[in-house]
Amino acid sequence: MENINSIIEERLNKGVKLKEKGVNLYPAGYHIDLTVDKIIQRFEKLDKESLEKETASFQIAGRVMARRDFGKASFINIKDNKAQIQVYLRKDKVGEENFQTFKLMDIGDFIGIKGSLFRTRTDELTILAEDLTLLSKSLRPLPEKWHGLTDVETRYRQRYVDLIVNDDVKDLFIIRSKIIQALRTFFIEKDFLEVETPMMHAIPGGATARPFKTYHNALSMDLYLRVAPELYLKRLVVGGLEKVFEINRNFRNEGISIKHNPEFTMLEFYMAYATYEDLMKLTEELFSYILKHTVNTSTITYQGTQIDFSTPWDRQTLFDSIRKMANPPEEIFLDRDAAYAFAKKKDINVNENEIHGKILTNLFDHLVEPHLTNPTFITGYPTEVSPLSRSNDQDPAITDRFELFIGGREIANAFTELNDPVDQRQRFESQVALREAGDKEAQFMDTDYLRALEYGMPPTAGEGIGIDRLVMLLTNAPSIRDVILFPHMRPQ
RNA sequence: GGGCCGUUAGCUCAGCAGGUAGAGCAGCGGACUUUUAAUCCGUUGGUCGUGAGUUCGAUUCUCGCACGGCCCA
């Protein structure tokens, strides 16, 4: 601590000296004629001679990233939003006053430069400064210039420093933004309406997950941060908004891991008159669209594994996928105790009083999911683990539902919505019974949602896509923390 | 929640079979008007994550705790 203070002290002293010279350390604004990337774009192709004819001077601004001082001259690298360029400062060109000011500046400071372009002996496109302005004094040293910042803890806690020095991090978040933009455009072009539904719920619903609890003082009531927007989006479908989507945060009060952050971004969309089978096609189309508008390829490599997005994607029922990977006795699909015994045999940890459907999905999670590398739709989820899905007409024990797996991870969950209010009430009742039996993830009875269904919801299909995991895939990020700007951390 | 690993200068890292620490970059002073990891000379900077134990003596060994990473639940 002593040392960082001495560095800050040194810089504060320079600030005092600058002020004595009449320099404002934090002036308001600066007129920029061109951004660095525009300069490079426009002048990169010009050689030494053509550049010499370009006498126009302009103003640029950015952060000083490096400096190489000579007695009466200096080279600095300036970085702005998108690019970096070298600036050559000569005492005889900028004048005595400016050069003194410059001498009191540090790496990390923001600077405005007025100058014109030339090429150095080594042919590097460089700005010859005529004038300079201190735009913001930096008091803390940046990480070292060639190893940069690698400590993951500091990178997550001080993302601003990470972004300053690690260009690949900035690039990743630019891709993230493009992915979300592409999703939005895709749905808007298909005539979906983007909506915002409550983040604070009196009754948390729409997913089997534990919620965060908060308290509203004026109303003297508990509120929960939403675990999913599902029940509100479907209320909108009841209201006649037949195609809606929302891209926003969900909050789940669960463990933190390489694939879980307490708050994460989810896309949910609902489409009246569609079925889950329609959504499989739509999902393939959606991914093609995103790939085309971001990474522009149909095959990606994620953590060393090739993933081929070529359509149509593989479709398997949950039961068939377990049959294929684990070759279990057939009774496990019919008999809860047989499934439990099989799970034990396979060393899979299941609660003693776990319901049949949950045991089967546990089996799937361990035996099948990690192997689903290329995009795969898994269908036929048991009704008892799908409290909001329409049950299948041929086999009411399963639902009209799929989950999408890519790279061994769940990416999307979709189903034909349960719009029968009588059936939905019974499903809620089963959930409440599970909750009373100790299942903290079981869902709550939501009578207003039932009331909405009682007014009539058209046949509808809906889907949720985990945006963070999608971004991980497309940016080859090993951890969800790499794709969230400010991931959750314990206080230091 | 469990297991393994890590935490040393602003950053990236050495080191210590136990005798209170080094390098490079950054910083500071000096030389230097086409460098780009500029160069050359000199130099400052550390409660070695934290608390306890063992010891004449702990950054080093032991245990607890905190934070982080990976794996498992």
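Computed over heavy atoms, backbone and side chain alike; hydrogens, waters and symmetry mates excluded. We name chains A, B, ... by the order of the sequence lines, and we start the count at 1 in each one. What you see is a predicted model, and the numbers here were worked out from it, not measured in a lab.
Remark: A:Glu97 engages A:Lys21 in a salt bridge (charged side-chain N to carboxylate O under 4.0 Å, His left out) (not counting sequence neighbours). Residues forming a salt bridge (charged side-chain N to carboxylate O under 4.0 Å, His left out) with A:Lys114 (at least two apart in sequence, or on another chain): A:Glu130. Looking at residues two or more places apart in sequence or on another chain, you find no salt bridge (charged side-chain N to carboxylate O under 4.0 Å, His left out) involving A:Arg252. For A:Phe405, the ring pair (Phe, Tyr, Trp, His ring centres under 6.0 Å) partners two or more places apart in sequence, or in a different chain, are A:Phe364. The side-chain contact (heavy atoms from CB on, under 4.5 Å) check on A:Glu49 picks up A:Asp47, with sequence neighbours excluded.
In this structure, the side chains of A:Asn362 and A:Leu367 stay at 4.5 Å or more apart for every pair of heavy atoms.
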Which pairs would a plain distance check flag for residues 65-74 of chain A, meaning a side-chain donor or acceptor within less than 3.5 Å of a matching protein atom at least two apart in sequence or in another chain?
{"residue": "A:Arg67", "atom": "NE", "partner": "A:Asp69", "partner atom": "OD1", "Å": "3.3"}
{"residue": "A:Arg67", "atom": "NE", "partner": "A:Asp69", "partner atom": "OD2", "Å": "3.1"}
{"residue": "A:Arg67", "atom": "NH1", "partner": "A:Met105", "partner atom": "O", "Å": "2.5"}
{"residue": "A:Arg67", "atom": "NH2", "partner": "A:Asp69", "partner atom": "OD1", "Å": "3.3"}
{"residue": "A:Arg67", "atom": "NH2", "partner": "A:Asp69", "partner atom": "OD2", "Å": "3.3"}
{"residue": "A:Arg68", "atom": "NH2", "partner": "A:Asn77", "partner atom": "OD1", "Å": "3.2"}
{"residue": "A:Arg68", "atom": "NH2", "partner": "A:Gln86", "partner atom": "OE1", "Å": "2.7"}
{"residue": "A:Asp69", "atom": "OD1", "partner": "A:Ser74", "partner atom": "OG", "Å": "2.5"}
{"residue": "A:Ser74", "atom": "OG", "partner": "A:Arg68", "partner atom": "O", "Å": "3.3"}

Tell me which donor-acceptor pairs under 3.5 Å the side chains of residues 407-414 of chain A have, and how far apart each pair is, sequence neighbours excluded?
{"residue": "A:Arg409", "atom": "NH1", "partner": "A:Tyr302", "partner atom": "OH", "Å": "3.0"}
{"residue": "A:Asn413", "atom": "OD1", "partner": "A:Arg401", "partner atom": "NE", "Å": "3.0"}
{"residue": "A:Asn413", "atom": "OD1", "partner": "A:Arg401", "partner atom": "NH2", "Å": "3.4"}

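Distance CD (A:Gln86) to P (B:rU33): 17 Å, rounded to an integer number of Å. If you take NE2 of A:His147 and P of B:rA14, they are 11 Å apart, rounded to a whole angstrom. Computed from coordinates, the A:Arg90 CZ to B:rU35 P distance equals 13 Å when rounded to whole Å. Nucleotide B:rC28 holds its P atom 10 Å from the CG atom of A:Leu104, rounded to whole Å. The distance between atom CZ of A:Phe118 and atom P of B:rU35, rounded to the nearest whole Å, is 10 Å. Here B:rU35 presents its P atom at 19 Å from CD1 of A:Ile107, a figure rounded to the nearest Å. Distance, A:Leu149 CG to B:rC13 C1': 14 Å, rounded to whole Å. A:Asn13 has its CG atom 12 Å from the C1' atom of B:rC28, to the nearest Å.
At a cut-off of 3.5 angstrom, the base of B:rU34 holds no donor-acceptor pair with the side chain of A:Glu124. At a cut-off of 3.5 angstrom, counting only N and O atoms as typed in the model, there is a donor on one side and an acceptor on the other between the side-chain of A:Thr120 and the base of B:rU35.
Between B:rU8 and B:rG2, the distance separating the two P atoms is 25 Å to the nearest Å. Nucleotides B:rG19 and B:rC48 have their P atoms positioned 15 Å apart, rounded to a whole Å. Nucleotides B:rC41 and B:rG46 have their C1' atoms positioned 25 Å apart, rounded to a whole Å. Rounded to whole Å, the separation between the C1' atoms of B:rC61 and B:rG57 comes to 13 Å. As rounded to the nearest Å, B:rG18 and B:rC13 have C1' atoms that lie 23 Å from one another. Annotation: B:rC70 and B:rC28 have their P atoms spaced 37 Å apart (nearest Å). Taking atom P in both B:rC25 and B:rA17, the straight-line distance is 28 Å, to the nearest Å. Comparing the C1' positions of B:rG68 and B:rG30 gives a spacing of 43 Å, expressed to the nearest Å.
Within the shown strands, B:rC5 is the pairing partner of B:rG68 under the Watson-Crick or G-U definition, both distances less than 3.5 Å. Using Watson-Crick or G-U wobble geometry with both donor-acceptor distances under 3.5 Å, B:rG57 finds no partner in any strand shown. Pairing partner, B:rU43: B:rG27, with both Watson-Crick or wobble hydrogen-bond distances short of 3.5 Å. In this structure B:rG18 sits in no base pair that meets the Watson-Crick or G-U test at under 3.5 Å.
Checking side-chain atoms of A:Asp468 against main-chain N and O of A:Ile480 turns up no donor-acceptor pair under 3.5 Å. Between the A:Thr383 side chain and the A:Ile398 main chain, a donor and an acceptor come within less than 3.5 Å of each other.
The aromatic ring centres of A:Tyr276 and A:Phe415 sit 6.0 Å or more apart.
When the nearest nucleotides of RNA chain B are assigned to A:Lys91 and A:Thr154 by heavy-atom distance, the more 5′-ward of the two goes with A:Thr154. Residues A:Pro143 and A:Glu10 both approach RNA chain B. Their nearest nucleotides, taken by heavy-atom distance, put A:Pro143 toward the 5′ side.
Remark: A:Arg121 is in phosphate contact with B:rU35, judged by side-chain N or O atoms under 4.0 Å from OP1 or OP2. In terms of phosphate contacts, A:Lys145 brings a side-chain nitrogen or oxygen within less than 4.0 Å of OP1 or OP2 of B:rA38.
Within a heavy-atom distance below 4.0 Å of RNA chain B, the residues of residues 65-82 of chain A found are A:Arg68, A:Asp69, A:Phe70, A:Gly71, A:Lys72, A:Ala73, A:Phe75.
Using a 4.0 Å heavy-atom cutoff across all strands shown, A:Lys14 reaches sugar-phosphate atoms only and no base atom.
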(request) Indicate for each nucleotide in nucleotides 66-73 of chain B, in 5' to 3' sequence, whether protein heavy atoms under 4.0 Å reach the base (B), only the sugar-phosphate (S), or nothing (-). (result) -SSSSS-S

